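Below you'll find the structure, written out as structure tokens, and then a few comments.
What you are looking at is a predicted structure, and each value in this text was computed from that prediction instead of being measured.
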Amino acid sequence: MPAAAERPGRPAGQTGRALLPRVRKPADLDRLTSEQLVTLASEIRQHLVASVARTGGHLGPNLGVVELTIALHRTFRSPRDTIVFDTGHQAYVHKLLTGRQDFTDLRERGGLSGYPSRAESVHDVVENSHASTSLSWADGIARANHLQGHDERHVVAVIGDGAMTGGMAWEALDNIADSSDRHLVIVVNDNGRSYAPTIGGLAHHLDALRTNPGYERVLSGVKRTLLSQGAPGRAAFDALHGLKRGLKDVLVPSAFFEDLGIKYTGPVDGHDITAIEFALTRAREYAEPVIVHVITEKGRGYTPAEEHVPDRFHAVGQIHPETGLPVVAERFGWTSVFAEEIVSLARSDERIVGVTAAMQAPVGLQPLADAMPKRVIDVGIAEQHALTFSAGLAFAGMHPVVALYATFLNRAFDQVLMDVALHRAGVTIVLDRAGITGTDGASHNGMWDMALLAHVPGLRLAAPRDETTLRESLRLAVSIDDAPAVVRYPKGALPEPLTAVRRLSGGPDESGCGEEPVQKEALSPCAFDVVDVLLESLRPTGTARILLVGVGAMAPEAYEAGRILQQEDRAVTVVHPHWVIPAPAPLVAAAANADVVVVVEDGLVDGGIGSQLRDAVEGYRAAHTGAGGSPVFRRIGIPRQFIDTATRAQLMEDFGMRAADIAEAARIAADGVAGARTNQDLGTE
């Protein structure tokens with residue numbers, strides 16, 4: 001239970017003796033006593049709970065690193081010494097200690113980012129919200145410091161035990177272990193829940209001894225002397241070395257890092273500032289890379305977080321600070337639909353197995369894990385492994401469903417291409433939080449997937465518009481055994497369902513797909529050519545024919561834009577293709593016969609669905625010389641840029657993705673077509 005002083009609700013500084021407002025830069029920590037540091041930690045926790053309760057954000061991780069961050073800034077001198085936070089969601093305390101204490105607009109436009117940001121402070125180095133990269137950054141910075149003669153500078157990488165499951169972290173460790181000429185400290189923030197740390201005077205003494213440069217010099221001298229004396233000397237050295245390692249293994253549980261060839265110290269109580277400073281100071285004085293293993297408690301000091309079993313309030317929306325309960329109850333969302341449907345599918349098909357990369361609950365696989373524990377596999381923060389592992393599962397007769405945030409699929413594109421698609425593996429990839437996610441910042445917008453995956457031969461991608469189409473897409477995806485299938489959907493609550501007027505029919509192969517129901521028993525040639533007509537307003541011949549294509553979550557906006565144009569007495573048809581990669585045949589035919597085609601997508605415009613449809617129409621017209629004139633294309637979506645933090649609504653306004661913007665783009669294009677026709681008529685006369 002948190003101490004009374006740590007409970008939220010009392011504004012920091014109301015007595016006039018608050019310490020946090022007096023800390024404007026890391027050096028201000030130096031003048032505080034041990035007792036004051038404990039008080040400061042309590043004030044920081046109050047500030048975090050009160051602030052994040054208003055805005056939402058990563059609460060649990062930051063409550064767990066308060067003392068660790070204080071000790072880091074007392075031991076090292078940022079920005080001369082570089083501190084790199086892996087994943088970055090535990091950097092709120094770092095922001096507070098480096099002069100950024102106004103959290104009023106945290107994770108909002110114009111406010112503080114939820115991650116480190118170079119635009120905010122010289123103390124921030126890496127916007128590191130894709131995990132397991134900090135050690136590579138630190139290795140590169142430390143090596144550059146050494147090459148340039150900056151041997152007075154230190155580099156610190158703070159990485160969680162979860163991020164250590166990522167393969168990239170181990171690649172970096174292998175490289176770091178191969179060099180001994182850098183001032184590099186790796187702080188492993190271990191907030192796992194099943195541990196019994198060996199903490200005490202003897203452990204501290206051994207740690208200090210092992211990282212003492214004088215001890216290492218003596219050990220090297222003894223080694224040289226004994227090894228120079230032939231077989232007896234070698235036997236004596238082996239005995240001493242074995243004794244040293246045996247003591248280390250018994251008294252210091254460092255199995256996590258054994259055989260890396262990097263000095264290790266710990267575990268250290270991550271909520272004892274003095275103990276952490278002692279360990280960090282020894283590590284700083286050592287001339288080779290050192291691992292400092294720190295044990296912390298996620299959600300420390302806030303009872304609702306400490307008692308939250310799933311993730312200790314890893315990330316929260318707006319909450320009541322006294323209770324931790326949501327201010328607004330969460331509506332049934334996209335992820336919940338997937339969670340329900342995957343359990344149903346798994347019950348009817350024993351081949352289906354869920355695969356997640358350390359996000360079992362956030363991506364909706366927790367209900368399946370609860371119902372069928374052996375049917376969900378968590379590979380850790382290792383998206384690359386997840387996809388190749390799934391290719392292996394498919395080869396051996398299973399049907400893996402890999403559930404990821406869309407932004408994290410970027411890390412496994414090569415595996416999708418070369419391991420899954422090349423080998424025609426039946427793997428379903430479910431992408432949560434696709435498109436604009438807004439307040440999570442540039443690294444978390446799931447905007448790249450459709451433009452990237454369009455290059456993968458044989459891959460099919462569905463972009464459902466509502467609950468019904470999501471369930472249909474999932475059922476169809478898991479029935480594919482000879483190619484990858486992707487289903488993407490956005491973050492948040494479900495929209496109101498849109499009823500189809502009819503389905504498009506026809507296409508380049510004259511298959512007639514669309515009018516009849518999709519076959520349920522087996523995959524039909526028409527199964528992926530389903531294109532729903534959501535609105536249709538026919539007008540006399542001579543009116544510019546507008547086709548609005550709403551991709552996935554943008555279907556409601558396209559529909560509303562169609563209604564606006566309908567009221568203006570324009571010829572407009574609004575469609576939603578269930579599957580968008582490759583472009584469905586009926587959609588290609590309809591676009592080829594329209595005057596204006598406006599494609600609205602919650603993804604990258606360059607190379608996105610609009611670009612792919614335009615290319616497909618060009619091919620269609622080349623093969624069908626009587627297909628009519630070339631339509632005017634307008635592509636609406638996310639530009640090729642890194643997006644600053646803002647709400648989804650704000651970003652949609654910025655990029656012209658609202659219904660009114662779509663209608664205006666279509667209107668201008670249609671008027672241009674009409675004007676061109678008038679000029680042609682006048683020229684004929």
Side-chain angles (χ1 to χ4, degrees), residues 48 52 56-66 68-69 72 82-95 106-107 112-118 120 123-141 155-173 185-192 270 291-294 296-300 305 311-316 356-363 378-384 386 404-412 432-433 437 439-446 645:
L48 289 173
V52 178
H58 289 99
L59 182 56
N62 286 284
L63 292 172
V65 298
V66 175
L68 171 58
T69 310
L72 281 168
T82 303
I83 302 176
V84 179
F85 291 93
D86 202 291
T87 316
H89 56 224
Q90 79 281 44
Y92 293 4
V93 185
H94 165 77
K95 290 176 184 274
L106 177 69
R107 301 172 71 248
L112 291 179
S113 167
Y115 296 97
S117 170
R118 291 184 186 179
E120 288 180 9
H123 297 281
D124 290 2
V125 178
V126 184
E127 204 278 24
N128 209 8
S129 48
H130 280 198
S132 309
T133 65
S134 63
L135 302 189
S136 296
W137 273 98
D139 187 25
I141 295 168
V155 181
V156 184
V158 183
I159 182 169
D161 55 309
M164 286 294 293
T165 64
M168 191 173 175
W170 292 95
E171 292 173 19
L173 280 173
V185 177
I186 300 167
V187 177
V188 176
N189 172 31
D190 184 352
N191 59 19
I291 289 173
V292 180
H293 185 186
V294 179
T296 63
E297 296 177 29
K298 200 172 185 179
R300 171 87 170 198
D311 64 6
R312 301 281 180 89
F313 278 26
H314 177 82
V316 296
T356 177
M359 302 192 77
Q360 188 165 283
V363 298
D378 188 342
V379 301
I381 302 179
E383 291 83 3
Q384 292 170 297
L404 306 169
Y405 281 4
T407 183
F408 297 139
L409 182 69
N410 301 353
R411 314 183 73 169
D432 201 324
R433 304 198 179 198
T437 56
T439 55
D440 288 325
S443 63
H444 272 49
N445 287 297
T645 298

[X] and [Y]: which non-hydrogen atoms are nearest, and at how many Å?
X: A382; Y: A357; answer: N-CB, 4.1 Å
X: T87; Y: A163; answer: OG1-CB, 4.4 Å
X: V379; Y: A386; answer: CG2-CB, 3.8 Å
X: S136; Y: M168; answer: OG-CE, 3.6 Å
X: M164; Y: L173; answer: CE-CD1, 3.5 Å
X: R433; Y: A406; answer: O-CB, 3.9 Å

[atom2] on [Y] to [atom1] on [X], rounded to 0.5 Å:
X: N62; Y: R300; atom1: CG; atom2: CZ; result: 15.5 Å
X: H123; Y: T82; atom1: NE2; atom2: OG1; result: 11.5 Å
X: D86; Y: L135; atom1: CG; atom2: CG; result: 6.5 Å
X: L409; Y: L404; atom1: CG; atom2: CG; result: 6.0 Å
X: H130; Y: I381; atom1: NE2; atom2: CD1; result: 11.0 Å
X: S132; Y: E383; atom1: OG; atom2: CD; result: 7.5 Å

Strictly distance-based, threshold 3.5 Å: is any side-chain N or O of [X] a donor or acceptor partner for the main-chain N or O of [Y]?
X: D124; Y: P116; result: no
X: Q90; Y: G88; result: yes
X: N191; Y: K298; result: no
X: R118; Y: V125; result: yes
X: D378; Y: A358; result: yes
X: T69; Y: V93; result: no

| Passing candidate, side chain to side chain contact (heavy atoms under 4.5 Å, CB included) with L72, options V65, V294, V156 | V156
| said: Consider side chain to side chain contact (heavy atoms under 4.5 Å, CB included). Of T133, I141, V158, which one does V84 pass it with? | reply: I141
| task | With sequence neighbours left out, write down each residue that passes salt bridge (charged side-chain N to carboxylate O under 4.0 Å, His left out) with E120, or none if nothing qualifies. | result | K95, R100
| said: Which residues pass the salt bridge (charged side-chain N to carboxylate O under 4.0 Å, His left out) test with D432, not counting sequence neighbours? | reply: none
| said: For a 4.5 angstrom cut-off between non-hydrogen side-chain atoms, does V52 reach Y92? | reply: yes
| query | According to the interplanar angle, ranging from 0 to 90°, do the rings of H94 and F85 count as parallel (below 30°), tilted (30 to 60°) or perpendicular (above 60°)? | reply | tilted
| field | Check against side-chain contact (heavy atoms from CB on, under 4.5 Å), V188 and I159 | value | CA-CA 5 Å; V188 176; I159 182 169; 4.3 Å; yes
